[in-house]
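Letters A, B, ... are given to chains in the order of the sequence lines, protein chains preceding strands, and every chain is numbered from 1.
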Amino acid sequence: MSDIRVRFAPSPTGYLHIGGARTALFNYLFARHTGGKYILRIEDTDKKRSTKESVNNLISSLKWLGLDWDEGPGIDGPFAPYFQTERFGIYNEYIEKLLMNGSAYKCFCTEDELKTERDRQLKAHLPVKYSGKCKNLTKEEIGKYEDEGRSFVIRFKVPENRKIKFCDIVHKETEFNSNILSDFVIKRADGYPTYNFTVVIDDAKMRITHVLRGDDHLSNTPKQILLYEALDFPIPQFGHLSMILGKDGSRLSKRHGATSVEEFQKQGYLSEALINFLALLGWSPPEKNGKTREFMTKEELIRYFDINSVSKTSAIMNIEKLKWMNGCYIRNLDTQKMMEYFPNLKSDPFFQGDEKRAINYIKASRSYYDTLNDAVVYLDNFKKWSLNTDILKDFKNPEYIELISNLVDMLKKTSVINPDMVGNIFKEVSQKTGLKGKNLYHPIRFILSGKIEGPELQHFFTVVPKEEIILRLKKGLEFLRKK
RNA sequence: GUCCCCAUCGUCUAGGGGUUAGGACACCGGGUUUUCAACCCGGCAGCAGGGGUUCAAUUCCCCUUGGGGACACCA
(Lines give C-alpha, C1' and ligand atoms only; values in the text may rest on other atoms or scores of the structure.)
Protein backbone atom coordinates (compact mmCIF):
# COMPACT_ATOMS: atom_id res chain seq x y z
CA MET A 1 0.00 0.00 0.00
CA SER A 2 1.35 3.41 -0.96
CA ASP A 3 -0.09 6.88 -0.49
CA ILE A 4 -0.31 7.42 -4.20
CA ARG A 5 -3.72 8.74 -5.14
CA VAL A 6 -4.82 9.36 -8.70
CA ARG A 7 -8.12 10.23 -10.27
CA PHE A 8 -10.04 10.14 -13.49
CA ALA A 9 -12.27 13.19 -13.70
CA PRO A 10 -14.53 13.19 -16.73
CA SER A 11 -17.23 15.72 -17.42
CA PRO A 12 -20.57 14.11 -18.16
CA THR A 13 -21.27 15.88 -21.44
CA GLY A 14 -21.37 12.88 -23.73
CA TYR A 15 -20.08 9.36 -23.95
CA LEU A 16 -16.83 8.02 -22.61
CA HIS A 17 -14.46 8.93 -25.39
CA ILE A 18 -11.74 6.54 -26.41
CA GLY A 19 -9.12 9.10 -25.33
CA GLY A 20 -10.81 9.43 -21.96
CA ALA A 21 -10.84 5.67 -21.63
CA ARG A 22 -7.10 5.58 -22.21
CA THR A 23 -6.56 8.31 -19.60
CA ALA A 24 -8.71 6.35 -17.16
CA LEU A 25 -6.79 3.18 -17.97
CA PHE A 26 -3.38 4.74 -17.38
CA ASN A 27 -4.54 6.19 -14.07
CA TYR A 28 -5.97 2.82 -13.12
CA LEU A 29 -2.85 0.90 -14.10
CA PHE A 30 -0.60 3.35 -12.31
CA ALA A 31 -2.67 3.08 -9.13
CA ARG A 32 -2.89 -0.70 -9.24
CA HIS A 33 0.78 -1.08 -10.08
CA THR A 34 1.88 1.10 -7.19
CA GLY A 35 -0.74 -0.05 -4.72
CA GLY A 36 -2.28 3.41 -4.65
CA LYS A 37 -5.87 4.54 -4.87
CA TYR A 38 -7.83 5.28 -8.03
CA ILE A 39 -10.64 7.77 -7.67
CA LEU A 40 -13.49 8.66 -9.99
CA ARG A 41 -14.78 12.20 -9.82
CA ILE A 42 -17.53 13.66 -11.97
CA GLU A 43 -16.84 17.20 -13.15
CA ASP A 44 -20.33 18.42 -13.85
CA THR A 45 -20.01 22.16 -13.34
CA ASP A 46 -21.07 22.93 -16.89
CA LYS A 47 -24.75 22.99 -16.19
CA LYS A 48 -25.67 23.55 -19.82
CA ARG A 49 -24.00 20.43 -21.11
CA SER A 50 -23.90 17.99 -18.21
CA THR A 51 -26.57 15.31 -18.16
CA LYS A 52 -27.59 12.49 -15.92
CA GLU A 53 -27.64 10.07 -18.88
CA SER A 54 -24.06 10.99 -19.52
CA VAL A 55 -23.09 10.16 -15.96
CA ASN A 56 -24.77 6.77 -16.27
CA ASN A 57 -23.15 6.11 -19.59
CA LEU A 58 -19.71 7.07 -18.29
CA ILE A 59 -20.11 4.78 -15.33
CA SER A 60 -21.37 1.83 -17.31
CA SER A 61 -18.58 2.17 -19.86
CA LEU A 62 -15.98 2.34 -17.13
CA LYS A 63 -17.47 -0.72 -15.47
CA TRP A 64 -17.64 -2.59 -18.74
CA LEU A 65 -13.94 -1.89 -19.23
CA GLY A 66 -13.29 -3.27 -15.76
CA LEU A 67 -11.76 -0.05 -14.51
CA ASP A 68 -13.20 -0.21 -11.02
CA TRP A 69 -12.54 2.75 -8.74
CA ASP A 70 -11.71 2.82 -5.05
CA GLU A 71 -13.57 6.02 -4.30
CA GLY A 72 -16.27 7.76 -6.28
CA PRO A 73 -19.87 7.48 -7.38
CA GLY A 74 -21.61 4.44 -6.00
CA ILE A 75 -18.91 3.84 -3.43
CA ASP A 76 -18.13 7.20 -1.89
CA GLY A 77 -15.13 7.39 0.39
CA PRO A 78 -13.41 9.68 2.87
CA PHE A 79 -13.49 12.68 0.55
CA ALA A 80 -17.08 12.50 -0.65
CA PRO A 81 -19.00 13.86 -2.40
CA TYR A 82 -17.45 12.96 -5.75
CA PHE A 83 -19.75 15.05 -7.90
CA GLN A 84 -18.56 18.62 -8.23
CA THR A 85 -22.05 20.06 -8.20
CA GLU A 86 -22.36 18.74 -4.66
CA ARG A 87 -19.23 20.52 -3.53
CA PHE A 88 -20.16 24.16 -4.04
CA GLY A 89 -19.84 24.90 -0.32
CA ILE A 90 -16.19 23.91 -0.47
CA TYR A 91 -15.52 25.98 -3.57
CA ASN A 92 -17.16 29.09 -2.17
CA GLU A 93 -15.10 28.84 0.95
CA TYR A 94 -11.91 29.01 -1.06
CA ILE A 95 -13.17 31.68 -3.39
CA GLU A 96 -13.80 33.82 -0.33
CA LYS A 97 -10.30 33.06 0.83
CA LEU A 98 -8.78 34.21 -2.45
CA LEU A 99 -10.92 37.33 -2.43
CA MET A 100 -9.81 38.07 1.11
CA ASN A 101 -6.11 37.65 0.53
CA GLY A 102 -6.21 39.75 -2.63
CA SER A 103 -5.54 36.90 -5.06
CA ALA A 104 -8.87 37.34 -6.80
CA TYR A 105 -11.19 40.16 -7.75
CA LYS A 106 -14.62 40.90 -9.07
CA CYS A 107 -14.85 41.74 -12.75
CA PHE A 108 -17.85 43.61 -14.13
CA CYS A 109 -16.89 43.55 -17.79
CA THR A 110 -19.67 42.35 -20.06
CA GLU A 111 -19.27 39.52 -22.50
CA ASP A 112 -19.61 41.99 -25.37
CA GLU A 113 -16.80 44.12 -24.05
CA LEU A 114 -14.58 41.09 -23.74
CA LYS A 115 -15.36 39.92 -27.21
CA THR A 116 -14.54 43.31 -28.70
CA GLU A 117 -11.27 43.31 -26.86
CA ARG A 118 -10.42 39.83 -28.04
CA ASP A 119 -11.15 40.73 -31.66
CA ARG A 120 -8.96 43.81 -31.40
CA GLN A 121 -6.07 41.76 -30.03
CA LEU A 122 -6.43 39.14 -32.71
CA LYS A 123 -6.36 41.84 -35.39
CA ALA A 124 -3.33 43.54 -33.88
CA HIS A 125 -1.47 40.20 -33.73
CA LEU A 126 -1.34 40.52 -29.99
CA PRO A 127 -1.71 37.64 -27.56
CA VAL A 128 -5.33 37.16 -26.55
CA LYS A 129 -5.52 38.20 -22.95
CA TYR A 130 -7.87 39.93 -20.54
CA SER A 131 -6.78 43.53 -20.01
CA GLY A 132 -7.11 43.49 -16.26
CA LYS A 133 -9.46 46.42 -16.43
CA CYS A 134 -11.32 45.52 -13.22
CA LYS A 135 -8.23 44.53 -11.30
CA ASN A 136 -7.78 47.86 -9.64
CA LEU A 137 -11.36 48.91 -9.08
CA THR A 138 -11.80 50.95 -5.92
CA LYS A 139 -14.12 49.89 -3.12
CA GLU A 140 -16.47 52.70 -4.12
CA GLU A 141 -16.62 51.62 -7.75
CA ILE A 142 -17.28 48.03 -6.77
CA GLY A 143 -20.01 49.14 -4.38
CA LYS A 144 -21.56 51.32 -7.04
CA TYR A 145 -21.62 48.56 -9.65
CA GLU A 146 -23.09 46.13 -7.17
CA ASP A 147 -25.78 48.64 -6.21
CA GLU A 148 -26.60 48.97 -9.91
CA GLY A 149 -27.15 45.22 -9.90
CA ARG A 150 -24.49 44.56 -12.47
CA SER A 151 -23.47 40.95 -12.72
CA PHE A 152 -19.87 40.03 -12.19
CA VAL A 153 -17.45 37.16 -12.36
CA ILE A 154 -14.52 36.49 -10.11
CA ARG A 155 -11.10 36.41 -11.67
CA PHE A 156 -7.86 35.08 -10.33
CA LYS A 157 -5.11 37.68 -10.23
CA VAL A 158 -2.19 36.20 -12.13
CA PRO A 159 1.10 37.51 -10.77
CA GLU A 160 3.33 39.27 -13.31
CA ASN A 161 6.64 38.00 -14.56
CA ARG A 162 6.61 34.74 -12.73
CA LYS A 163 8.38 31.70 -14.08
CA ILE A 164 6.29 28.64 -13.39
CA LYS A 165 8.36 25.49 -13.50
CA PHE A 166 7.35 21.93 -12.96
CA CYS A 167 8.61 18.52 -13.85
CA ASP A 168 6.03 16.74 -15.89
CA ILE A 169 6.20 12.95 -15.62
CA VAL A 170 5.89 12.60 -19.37
CA HIS A 171 7.33 15.85 -20.71
CA LYS A 172 10.01 16.32 -18.04
CA GLU A 173 11.13 19.90 -17.22
CA THR A 174 8.47 22.34 -18.32
CA GLU A 175 8.38 26.09 -17.87
CA PHE A 176 5.85 28.84 -18.50
CA ASN A 177 6.00 32.57 -18.00
CA SER A 178 2.99 33.93 -16.14
CA ASN A 179 2.83 36.91 -18.53
CA ILE A 180 1.18 34.79 -21.19
CA LEU A 181 -1.64 34.06 -18.77
CA SER A 182 -4.85 36.01 -18.47
CA ASP A 183 -6.56 36.75 -15.21
CA PHE A 184 -8.86 33.81 -15.65
CA VAL A 185 -12.38 33.43 -14.36
CA ILE A 186 -12.81 31.19 -11.34
CA LYS A 187 -16.46 31.91 -10.65
CA ARG A 188 -19.06 32.66 -13.26
CA ALA A 189 -21.79 35.25 -13.11
CA ASP A 190 -24.29 32.51 -12.34
CA GLY A 191 -22.29 31.52 -9.29
CA TYR A 192 -20.85 28.33 -10.77
CA PRO A 193 -17.11 27.91 -10.30
CA THR A 194 -15.02 27.06 -13.35
CA TYR A 195 -12.95 24.03 -14.21
CA ASN A 196 -9.50 25.44 -13.54
CA PHE A 197 -10.59 26.34 -10.06
CA THR A 198 -12.63 23.31 -9.05
CA VAL A 199 -10.03 20.89 -10.33
CA VAL A 200 -7.42 22.41 -8.05
CA ILE A 201 -9.65 22.48 -5.00
CA ASP A 202 -10.78 18.90 -5.50
CA ASP A 203 -7.39 17.48 -6.33
CA ALA A 204 -6.01 19.17 -3.24
CA LYS A 205 -8.89 18.23 -0.94
CA MET A 206 -8.91 14.67 -2.24
CA ARG A 207 -5.17 14.45 -1.67
CA ILE A 208 -4.42 13.59 -5.25
CA THR A 209 -0.69 13.01 -5.60
CA HIS A 210 -0.42 12.48 -9.36
CA VAL A 211 -2.54 14.20 -11.97
CA LEU A 212 -2.48 12.09 -15.11
CA ARG A 213 -4.55 13.65 -17.83
CA GLY A 214 -4.61 14.55 -21.52
CA ASP A 215 -2.02 16.67 -23.22
CA ASP A 216 -4.62 19.32 -23.92
CA HIS A 217 -4.38 20.32 -20.27
CA LEU A 218 -0.68 21.09 -20.39
CA SER A 219 -1.29 24.78 -20.89
CA ASN A 220 -3.82 24.83 -18.05
CA THR A 221 -1.21 23.57 -15.65
CA PRO A 222 0.54 26.89 -14.92
CA LYS A 223 -2.81 28.46 -14.00
CA GLN A 224 -3.52 25.64 -11.66
CA ILE A 225 -0.10 25.75 -10.07
CA LEU A 226 -0.63 29.43 -9.36
CA LEU A 227 -3.87 28.53 -7.60
CA TYR A 228 -2.18 25.83 -5.54
CA GLU A 229 0.34 28.42 -4.45
CA ALA A 230 -2.22 31.10 -3.66
CA LEU A 231 -4.17 28.61 -1.57
CA ASP A 232 -1.07 27.14 0.01
CA PHE A 233 -1.87 23.64 -1.15
CA PRO A 234 0.83 21.05 -1.87
CA ILE A 235 1.33 20.74 -5.64
CA PRO A 236 0.80 17.27 -7.10
CA GLN A 237 2.94 15.76 -9.82
CA PHE A 238 1.57 16.20 -13.30
CA GLY A 239 1.77 13.80 -16.20
CA HIS A 240 0.35 14.83 -19.54
CA LEU A 241 -0.60 11.98 -21.78
CA SER A 242 -0.48 12.34 -25.55
CA MET A 243 -3.64 12.56 -27.56
CA ILE A 244 -5.22 9.83 -29.63
CA LEU A 245 -5.84 10.94 -33.19
CA GLY A 246 -8.00 9.74 -36.05
CA LYS A 247 -6.74 8.04 -39.19
CA ASP A 248 -5.89 11.33 -40.90
CA GLY A 249 -3.92 12.60 -37.93
CA SER A 250 -6.53 15.06 -36.79
CA ARG A 251 -8.36 14.98 -33.53
CA LEU A 252 -10.52 11.89 -33.17
CA SER A 253 -14.10 12.76 -34.05
CA LYS A 254 -17.32 11.23 -35.31
CA ARG A 255 -16.18 11.28 -38.91
CA HIS A 256 -13.46 8.78 -37.99
CA GLY A 257 -16.14 6.25 -37.03
CA ALA A 258 -16.58 4.97 -33.52
CA THR A 259 -15.09 7.22 -30.87
CA SER A 260 -16.94 6.16 -27.76
CA VAL A 261 -16.40 3.10 -25.65
CA GLU A 262 -20.09 2.31 -25.89
CA GLU A 263 -19.92 2.16 -29.67
CA PHE A 264 -17.07 -0.30 -29.57
CA GLN A 265 -19.01 -2.37 -27.09
CA LYS A 266 -22.04 -2.35 -29.37
CA GLN A 267 -19.95 -3.29 -32.36
CA GLY A 268 -18.88 -6.45 -30.61
CA TYR A 269 -15.46 -5.66 -29.27
CA LEU A 270 -14.37 -7.44 -26.10
CA SER A 271 -13.41 -5.15 -23.26
CA GLU A 272 -10.22 -7.18 -22.72
CA ALA A 273 -9.19 -6.51 -26.30
CA LEU A 274 -10.02 -2.81 -26.14
CA ILE A 275 -8.08 -2.44 -22.90
CA ASN A 276 -5.11 -4.33 -24.30
CA PHE A 277 -5.13 -2.23 -27.46
CA LEU A 278 -5.51 1.08 -25.62
CA ALA A 279 -2.69 0.23 -23.24
CA LEU A 280 -0.37 -0.13 -26.21
CA LEU A 281 -1.17 3.36 -27.44
CA GLY A 282 1.53 5.50 -25.95
CA TRP A 283 3.08 2.86 -23.79
CA SER A 284 4.87 -0.39 -24.36
CA PRO A 285 5.91 -3.04 -21.87
CA PRO A 286 9.46 -4.36 -21.59
CA GLU A 287 10.23 -6.60 -24.56
CA LYS A 288 10.47 -10.34 -24.30
CA ASN A 289 13.19 -12.04 -26.34
CA GLY A 290 13.43 -8.97 -28.55
CA LYS A 291 9.73 -8.98 -29.30
CA THR A 292 7.05 -6.58 -28.14
CA ARG A 293 4.69 -8.18 -25.67
CA GLU A 294 1.51 -7.80 -27.64
CA PHE A 295 -1.09 -9.66 -25.61
CA MET A 296 -1.44 -8.94 -21.95
CA THR A 297 -4.10 -9.72 -19.40
CA LYS A 298 -5.15 -6.98 -17.03
CA GLU A 299 -2.90 -8.51 -14.39
CA GLU A 300 0.07 -8.40 -16.73
CA LEU A 301 -0.69 -4.81 -17.71
CA ILE A 302 -0.73 -3.88 -14.05
CA ARG A 303 2.51 -5.72 -13.44
CA TYR A 304 4.43 -4.16 -16.32
CA PHE A 305 2.91 -0.70 -16.40
CA ASP A 306 5.44 2.05 -15.84
CA ILE A 307 4.29 5.64 -15.94
CA ASN A 308 7.86 6.74 -16.63
CA SER A 309 7.97 4.95 -19.94
CA VAL A 310 4.87 6.57 -21.38
CA SER A 311 5.44 8.14 -24.78
CA LYS A 312 5.15 11.85 -25.58
CA THR A 313 4.04 11.24 -29.13
CA SER A 314 0.40 11.36 -30.06
CA ALA A 315 -0.93 8.14 -31.54
CA ILE A 316 -3.18 7.51 -34.48
CA MET A 317 -5.85 4.98 -33.66
CA ASN A 318 -5.45 2.03 -36.00
CA ILE A 319 -8.83 0.31 -36.09
CA GLU A 320 -7.41 -2.48 -38.27
CA LYS A 321 -5.09 -3.50 -35.50
CA LEU A 322 -7.86 -3.32 -32.93
CA LYS A 323 -9.94 -5.61 -35.13
CA TRP A 324 -7.11 -8.04 -35.48
CA MET A 325 -6.51 -8.05 -31.75
CA ASN A 326 -10.20 -8.45 -31.03
CA GLY A 327 -10.36 -11.38 -33.44
CA CYS A 328 -7.46 -13.02 -31.61
CA TYR A 329 -9.25 -12.56 -28.30
CA ILE A 330 -12.42 -14.07 -29.73
CA ARG A 331 -10.56 -17.09 -31.07
CA ASN A 332 -9.03 -17.66 -27.66
CA LEU A 333 -12.36 -17.75 -25.91
CA ASP A 334 -13.58 -21.21 -25.02
CA THR A 335 -16.86 -22.24 -26.57
CA GLN A 336 -18.76 -22.06 -23.31
CA LYS A 337 -17.68 -18.45 -22.70
CA MET A 338 -18.33 -17.68 -26.31
CA MET A 339 -21.92 -18.88 -26.08
CA GLU A 340 -22.53 -16.52 -23.17
CA TYR A 341 -22.11 -13.64 -25.58
CA PHE A 342 -24.97 -14.98 -27.68
CA PRO A 343 -27.81 -15.78 -25.32
CA ASN A 344 -30.38 -15.36 -28.09
CA LEU A 345 -28.64 -17.28 -30.81
CA LYS A 346 -30.50 -20.55 -30.36
CA SER A 347 -33.82 -18.69 -30.57
CA ASP A 348 -32.97 -17.63 -34.09
CA PRO A 349 -35.66 -19.18 -36.37
CA PHE A 350 -32.87 -20.97 -38.16
CA PHE A 351 -31.88 -22.92 -35.03
CA GLN A 352 -35.39 -23.34 -33.63
CA GLY A 353 -34.09 -23.59 -30.10
CA ASP A 354 -31.60 -26.31 -30.96
CA GLU A 355 -28.64 -25.26 -28.86
CA LYS A 356 -26.38 -27.98 -30.17
CA ARG A 357 -26.58 -26.66 -33.68
CA ALA A 358 -26.04 -23.13 -32.44
CA ILE A 359 -22.86 -24.29 -30.72
CA ASN A 360 -21.78 -26.10 -33.86
CA TYR A 361 -22.29 -22.89 -35.76
CA ILE A 362 -20.11 -20.90 -33.40
CA LYS A 363 -17.39 -23.51 -33.59
CA ALA A 364 -17.61 -23.54 -37.36
CA SER A 365 -17.50 -19.80 -37.86
CA ARG A 366 -15.49 -18.21 -35.07
CA SER A 367 -12.28 -17.98 -37.02
CA TYR A 368 -14.05 -15.59 -39.37
CA TYR A 369 -14.91 -12.95 -36.80
CA ASP A 370 -13.23 -9.68 -36.04
CA THR A 371 -16.03 -8.70 -33.72
CA LEU A 372 -18.84 -10.54 -31.95
CA ASN A 373 -21.33 -8.91 -34.29
CA ASP A 374 -19.76 -10.80 -37.16
CA ALA A 375 -21.27 -13.96 -35.71
CA VAL A 376 -24.70 -12.70 -36.66
CA VAL A 377 -23.59 -11.57 -40.08
CA TYR A 378 -21.75 -14.78 -40.88
CA LEU A 379 -24.78 -16.90 -40.15
CA ASP A 380 -26.12 -15.94 -43.56
CA ASN A 381 -23.51 -18.21 -45.07
CA PHE A 382 -25.50 -21.13 -43.70
CA LYS A 383 -28.95 -19.66 -43.63
CA LYS A 384 -29.35 -17.88 -46.93
CA TRP A 385 -29.26 -20.07 -49.95
CA SER A 386 -29.93 -20.16 -53.64
CA LEU A 387 -28.77 -22.52 -56.32
CA ASN A 388 -25.76 -21.06 -58.07
CA THR A 389 -26.31 -22.41 -61.56
CA ASP A 390 -23.43 -20.38 -62.97
CA ILE A 391 -20.92 -22.48 -61.10
CA LEU A 392 -22.92 -25.66 -61.16
CA LYS A 393 -23.24 -25.89 -64.93
CA ASP A 394 -19.64 -27.12 -65.09
CA PHE A 395 -20.57 -30.17 -63.02
CA LYS A 396 -23.13 -31.76 -65.27
CA ASN A 397 -21.20 -35.01 -65.59
CA PRO A 398 -22.78 -38.35 -64.67
CA GLU A 399 -20.28 -38.98 -61.85
CA TYR A 400 -21.41 -35.87 -60.04
CA ILE A 401 -25.03 -36.84 -60.40
CA GLU A 402 -24.14 -40.20 -58.90
CA LEU A 403 -22.25 -38.48 -56.09
CA ILE A 404 -25.10 -36.26 -55.06
CA SER A 405 -27.78 -38.90 -55.30
CA ASN A 406 -25.66 -41.27 -53.21
CA LEU A 407 -25.19 -38.55 -50.67
CA VAL A 408 -28.91 -37.91 -50.48
CA ASP A 409 -29.64 -41.59 -49.99
CA MET A 410 -27.10 -41.92 -47.24
CA LEU A 411 -28.31 -38.86 -45.42
CA LYS A 412 -31.84 -40.14 -45.48
CA LYS A 413 -30.70 -43.31 -43.74
CA THR A 414 -28.73 -41.43 -41.08
CA SER A 415 -30.54 -40.37 -37.96
CA VAL A 416 -27.67 -38.83 -36.02
CA ILE A 417 -25.52 -36.20 -37.62
CA ASN A 418 -22.20 -35.35 -36.02
CA PRO A 419 -18.78 -34.54 -37.45
CA ASP A 420 -17.66 -38.18 -37.31
CA MET A 421 -20.74 -39.39 -39.12
CA VAL A 422 -20.30 -36.77 -41.79
CA GLY A 423 -16.70 -37.84 -42.22
CA ASN A 424 -17.80 -41.43 -42.68
CA ILE A 425 -20.45 -40.50 -45.20
CA PHE A 426 -17.89 -38.56 -47.23
CA LYS A 427 -15.57 -41.54 -47.14
CA GLU A 428 -18.29 -43.84 -48.33
CA VAL A 429 -19.50 -41.69 -51.22
CA SER A 430 -15.89 -41.23 -52.18
CA GLN A 431 -15.40 -45.01 -52.41
CA LYS A 432 -18.64 -45.54 -54.28
CA THR A 433 -18.01 -42.87 -56.89
CA GLY A 434 -14.23 -42.86 -57.01
CA LEU A 435 -14.27 -39.09 -56.58
CA LYS A 436 -11.95 -37.43 -54.15
CA GLY A 437 -10.39 -34.09 -53.28
CA LYS A 438 -11.74 -31.17 -55.21
CA ASN A 439 -13.91 -33.38 -57.37
CA LEU A 440 -15.62 -34.72 -54.30
CA TYR A 441 -16.02 -31.56 -52.25
CA HIS A 442 -16.57 -28.81 -54.75
CA PRO A 443 -19.87 -29.94 -56.23
CA ILE A 444 -21.24 -30.58 -52.75
CA ARG A 445 -20.07 -27.18 -51.58
CA PHE A 446 -21.51 -25.34 -54.55
CA ILE A 447 -24.87 -26.95 -54.14
CA LEU A 448 -25.04 -26.49 -50.38
CA SER A 449 -23.73 -22.95 -50.13
CA GLY A 450 -24.03 -21.51 -53.61
CA LYS A 451 -20.52 -20.16 -53.17
CA ILE A 452 -17.02 -21.11 -54.10
CA GLU A 453 -15.60 -20.28 -50.70
CA GLY A 454 -16.75 -20.64 -47.12
CA PRO A 455 -16.45 -22.68 -43.96
CA GLU A 456 -15.44 -26.33 -43.90
CA LEU A 457 -18.02 -28.44 -45.66
CA GLN A 458 -18.64 -30.86 -42.80
CA HIS A 459 -19.94 -27.95 -40.79
CA PHE A 460 -22.86 -27.46 -43.11
CA PHE A 461 -24.14 -30.84 -42.01
CA THR A 462 -23.89 -30.06 -38.32
CA VAL A 463 -25.32 -26.58 -38.57
CA VAL A 464 -27.98 -26.70 -41.28
CA PRO A 465 -30.94 -29.02 -40.50
CA LYS A 466 -30.86 -32.38 -42.29
CA GLU A 467 -34.12 -31.76 -44.14
CA GLU A 468 -32.78 -28.48 -45.47
CA ILE A 469 -29.56 -30.15 -46.60
CA ILE A 470 -31.47 -32.83 -48.43
CA LEU A 471 -33.70 -30.22 -50.02
CA ARG A 472 -30.72 -28.24 -51.30
CA LEU A 473 -29.05 -31.38 -52.62
CA LYS A 474 -32.19 -32.45 -54.41
CA LYS A 475 -32.56 -29.08 -56.07
CA GLY A 476 -28.97 -29.33 -57.17
CA LEU A 477 -29.52 -32.81 -58.47
CA GLU A 478 -32.53 -31.66 -60.44
CA PHE A 479 -30.42 -29.02 -62.13
CA LEU A 480 -27.58 -31.41 -62.92
CA ARG A 481 -29.98 -33.88 -64.52
CA LYS A 482 -31.58 -31.26 -66.72
CA LYS A 483 -30.28 -31.40 -70.28
C1' G B 1 -2.46 35.89 -34.66
C1' U B 2 0.26 34.68 -29.72
C1' C B 3 2.12 30.84 -26.70
C1' C B 4 3.06 25.65 -25.84
C1' C B 5 3.83 20.47 -27.19
C1' C B 6 5.37 16.55 -30.61
C1' A B 7 8.41 14.11 -34.79
C1' U B 8 11.77 6.04 -36.03
C1' C B 9 8.46 1.72 -41.68
C1' G B 10 1.49 3.64 -44.23
C1' U B 11 -0.03 2.71 -38.67
C1' C B 12 1.28 1.26 -33.22
C1' U B 13 6.06 1.04 -31.24
C1' A B 14 11.51 -0.83 -29.32
C1' G B 15 16.16 1.27 -29.36
C1' G B 16 19.76 4.78 -28.62
C1' G B 17 26.65 8.58 -29.95
C1' G B 18 29.49 3.12 -33.36
C1' U B 19 23.11 -1.74 -34.32
C1' U B 20 22.53 -5.91 -40.66
C1' A B 21 17.71 0.09 -36.72
C1' G B 22 14.07 -4.91 -33.51
C1' G B 23 8.73 -6.39 -32.90
C1' A B 24 3.30 -5.96 -34.23
C1' C B 25 -0.94 -4.47 -37.71
C1' A B 26 -1.68 -3.77 -42.85
C1' C B 27 0.34 -5.30 -47.59
C1' C B 28 2.90 -9.04 -50.85
C1' G B 29 4.77 -14.22 -51.56
C1' G B 30 4.92 -19.42 -49.95
C1' G B 31 3.03 -23.60 -46.97
C1' U B 32 -1.42 -26.05 -44.99
C1' U B 33 -6.76 -26.70 -46.42
C1' U B 34 -11.96 -29.18 -51.04
C1' U B 35 -12.32 -23.35 -50.98
C1' C B 36 -12.18 -18.96 -47.97
C1' A B 37 -10.94 -17.58 -43.02
C1' A B 38 -7.67 -19.11 -39.20
C1' C B 39 -2.71 -21.00 -38.60
C1' C B 40 2.83 -21.48 -39.91
C1' C B 41 7.09 -19.58 -42.80
C1' G B 42 9.24 -15.63 -45.64
C1' G B 43 9.38 -10.62 -47.90
C1' C B 44 8.55 -5.23 -48.71
C1' A B 45 8.93 -0.81 -45.95
C1' G B 46 11.38 3.87 -41.50
C1' C B 47 15.14 7.46 -38.29
C1' A B 48 11.00 14.68 -42.02
C1' G B 49 14.79 18.44 -44.16
C1' G B 50 19.04 21.70 -43.22
C1' G B 51 22.89 23.27 -40.15
C1' G B 52 26.10 22.46 -36.00
C1' U B 53 28.86 19.43 -31.70
C1' U B 54 31.84 14.87 -32.32
C1' C B 55 36.83 10.55 -34.75
C1' A B 56 31.61 9.06 -35.29
C1' A B 57 24.83 11.54 -35.12
C1' U B 58 18.91 8.28 -36.39
C1' U B 59 20.34 9.29 -31.16
C1' C B 60 22.83 15.67 -28.31
C1' C B 61 21.95 21.27 -29.77
C1' C B 62 19.76 25.03 -33.19
C1' C B 63 16.68 26.32 -37.37
C1' U B 64 13.00 24.98 -41.02
C1' U B 65 8.95 22.07 -42.21
C1' G B 66 4.90 19.22 -40.82
C1' G B 67 1.27 17.76 -37.18
C1' G B 68 -1.31 18.65 -32.58
C1' G B 69 -2.94 21.67 -28.46
C1' A B 70 -4.11 26.14 -25.51
C1' C B 71 -5.48 31.20 -25.61
C1' A B 72 -13.86 30.75 -23.06
C1' C B 73 -18.41 33.18 -17.79
C1' C B 74 -16.30 24.40 -21.83
C1' A B 75 -14.04 20.75 -19.20
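One interatomic measurement links the two molecules: CG of A/N177 to C1' of B/rC71, which rounds to 15 Å at whole-angstrom precision. If you take CD1 of A/I404 and C1' of B/rU34, they are 13 Å apart, rounded to a whole angstrom. Distance CG (A/L322) to C1' (B/rU11): 13 Å, rounded to an integer number of Å.
Residue-level contact check: A/V185 touches the backbone only, with heavy atoms under 4.0 Å from sugar-phosphate atoms and none from bases. The residue A/H240 sits apart from the nucleic acid: no heavy atom pair falls under 4.0 Å. Using a 4.0 Å heavy-atom criterion, one finds that A/L457 contacts the bases of the nucleic acid, with or without backbone contacts as well. When heavy atoms are screened at a 4.0 angstrom cut-off, A/R331 is found touching the sugar-phosphate backbone but no base atom. The residue A/Q458 sits close to a base: some heavy atom pair falls under 4.0 Å. Contacts of A/G454 with the nucleic acid, taken as non-hydrogen atoms under 4.0 Å apart, include base atoms.
Ranking B/rC4, B/rU35, B/rC25 by closeness to the A/R445 side chain, first place goes to B/rU35. Closest to the A/E456 side chain, of the nucleotides B/rC6, B/rU35, B/rG68, is B/rU35. Taking only side-chain atoms of A/L114, from C-beta outward, the nucleotide of B/rC73, B/rC36, B/rA24 with the closest atom is B/rC73. Considering only the side chain of A/A315, B/rU13 comes nearest among B/rG68, B/rG23, B/rU13. Set against B/rC6, B/rU11, B/rA26, the side chain of A/I316 has B/rU11 as its closest nucleotide.
A donor-acceptor pair under 3.5 Å is formed between the side chain of A/N406 and the backbone N or O of A/E402.
Classified by interplanar angle (parallel below 30°, tilted 30° to 60°, perpendicular above 60°), the ring pair A/F184/A/F156 is tilted.
In this structure, A/R293 does not reach the B/rG23 phosphate: none of its side-chain N or O atoms is under 4.0 Å from OP1 or OP2. Residue A/K321 has no polar side-chain atom (N or O) positioned under 4.0 Å from OP1 or OP2 of B/rC12.
For the pair A/R303 and A/F305, the NZ or CZ position fails the cation-pi test of under 6.0 Å to the six-membered ring centre and within 45 degrees of the ring normal.
A gap of 13 Å separates the C1' atoms of B/rA14 and B/rU19, to the nearest Å.
Not a single donor-acceptor contact under 3.5 angstrom links the side-chain atoms of A/Y192 to the base of B/rC73. Between the side chain of A/S367 and the base of B/rA37, a donor-acceptor pair under 3.5 Å is found.
Side-chain contact check for A/R293 versus A/E287: every heavy-atom pair is 4.5 Å or farther apart. Here the side chains of A/F264 and A/T371 are not in contact, with every heavy-atom distance at 4.5 Å or above. In this structure, A/V185 and A/Y195 have side chains that are not in contact, with every pair of non-hydrogen atoms separated by 4.5 Å or more.
Here B/rC28 sits opposite B/rG42 as a Watson-Crick or G-U wobble pair (both hydrogen-bonding atom distances under 3.5 Å). Across all strands shown, B/rA48 forms a Watson-Crick or G-U wobble pair, both distances under 3.5 Å, with B/rU64. In this structure B/rA37 sits in no base pair that meets the Watson-Crick or G-U test at under 3.5 Å. Both distances falling under 3.5 Å, in either a Watson-Crick or a G-U wobble arrangement, place B/rU2 opposite B/rA70.
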